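Shown next, in structure tokens, is the structure this report addresses.
Since this is a predicted model, take the numbers as computed values, not measurements. In what follows, chains carry the letters A, B, and so on, assigned in the order in which the sequence lines appear, proteins first and then strands, with residues in each chain numbered from 1.
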Amino acid sequence: MHVIRGIRGTFQPFWVTLRNMFRKPVTIQYPEEKQQLPERYRARLILTRDPDGAERCVACHLCSAACPVDCISMQATEAEDGRRYAAWFRINFTRCIFCGLCTEACPTLAIQVTADFELAGRDLLKLVYEKEDLLVDHCGNNNSYNFYRQSGIGVAAPRGTNPGETPPADVKDLMP
Amino acid sequence: MSDMLVTLALILGKLLFIFGVVLFMAAYLVLAERKILGRMQLRYGPNRVGPFGLMQPLADVIKLLTKEDFVPARADKWLFLIAPGITAVTALLVFAVIPFGSPLEIFGRQVPLVVVDLNIGVLYFLGVSSMAVYGVVLGGWASNSKYSLLGGVRGLSQMVSYELSLGLSLVPVIMMARSFSLTDIVMAQQSIPFVLLNPVAFGVFFICVLAESNRIPFDLPEAENELVGGFHTEYSGMRFGLFFVGEYINMVVLGSLVTVFFLGGWNGPWLPPLLWFLFKVLAVCAMFIWIRASMPRLRYDQLMNLGWKILLPLSLVNILVTGAVLLGLG
């Protein structure tokens, strides 16, 4: 029995390899064929706009605080109407590890991940993306959220007039 | 005088022919092996350089030549530098006695298609192929690295274990052909190749040849997974390339020897003798590649057991039986 198993074990692999030789390889020929990436694949970061077309980023620095490799930096400023925005916003993709923690930290859904992973290049400085490289003209994965239209924020519209918001209570009116 | 010049020119022509063909075959065997191995593992193998990756050997050579030729600190410098050459040269030298075609008529004279038809060709092959292990051992020892040293030691003990059966498995062939000359051995197989007459000797010889070529399942001196690369761990650039080319030249040479000793050399119906020879050699090489794709590496002690306890007695008994049968037939 031992011998028979040994002989089978010696010759079976030859059959397996021969059979495999006539099967189609599973290789994806990368530059020509592209892999179907998962929907939530994490690669290049973008800065999205809200449905009204304004920048979503309020320069709160939460993403750069959450970033484990410190690749996000920015300068916060305030516009005349009280909107906060980033004067400049920089992501160093040579350091980015595509962990997506910045997107989870972002309170305004401004910074989001895309599936575009082809970031390789010979010039490192070309991988330092400035705000104009990062900013896109769409809402990313959420088409309705607008931070300035949330209740309690009186920038785009006075307080109490945002959709789904009741006017603020008149404190004096409540007095007995 | 002109007679001698023609002889000289013919020898030179044959040398160049063999050199070119063997090196070309060695280069493309690398590609063929990578492609076939790839397909057997559901990959494509190299297919980027040129159509179907056919320029890959050229790209490899350019890469190897432009790499740094590195000698480790405290290595035995001269031995370290010479060792790869020994492997490649000894592999090429064996081809001197291999007849690769039936004699041709050129300039009104018989030209045997072999560099030298030594009347002790078999002994020459055994002697020179034993020298090949010096490349492995000296390279491993001179590197001053524990992995290389282990690889070299393994190479040596492996050689000791199978070389005996390698020689003994050829004794029946010599008895049947009644000659030590490789040309005579091929001539003796005109009607039936020896693989059919003496399959046991063929089996033993084939296994020993696998061990001789330091390939899976007997690639203990290299053993990428355990020894990082064994005897050539410390080599880089073209010196590593020489080891590599040496291994594939060895494949061609050993394939030719299997062809000459057992598969009937250039004998075959319909096709011209040279083509038959090439076809048989390539078939043996394809077998080598197939075996590499299919088999695991033998353990150290398993190799020793196989060599000393199975192959050696088997080949000895085979000699006795062959002798008795030959005597009985008269």
Determine which donor-acceptor pairs between chain B and chain A fall under 3.5 Å and list them with their distances.
from	atom 1	to	atom 2	distance (Å)
B:Leu42	O	A:Val26	N	3.0
B:Tyr44	OH	A:Lys24	NZ	3.4
B:Arg48	NH1	A:Glu32	OE1	3.4
B:Arg48	NH1	A:Glu32	OE2	3.2
B:Arg48	NH2	A:Gln29	OE1	3.0
B:Arg48	NH2	A:Glu32	OE1	3.2
B:Trp290	NE1	A:Phe14	O	3.3
B:Trp290	NE1	A:Thr17	OG1	2.9
B:Ser294	OG	A:Thr17	OG1	2.8

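Between A:Phe14 atom CZ and B:Met40 atom CE the span is 9.0 Å, to the nearest 0.5 Å. For the atom pair CG of B:Leu37 and CE of A:Met21, the computed distance is 10.0 Å after rounding to the nearest 0.5 Å.
Contacts of B:Ile291 with chain A are made by both backbone and side-chain atoms, with heavy-atom separations under 4.5 Å.
More than 12 heavy atoms of other shown residues, nucleotides or ligands fall within 6.0 angstrom of atom CZ in A:Phe117. Within 6.0 Å of atom CZ in B:Phe52, 12 or fewer heavy atoms from other residues, nucleotides or ligands are found, so the atom counts as exposed in its surroundings. Surrounding CE of B:Met55 are at most 12 heavy atoms belonging to other residues, nucleotides or ligands under 6.0 Å away.
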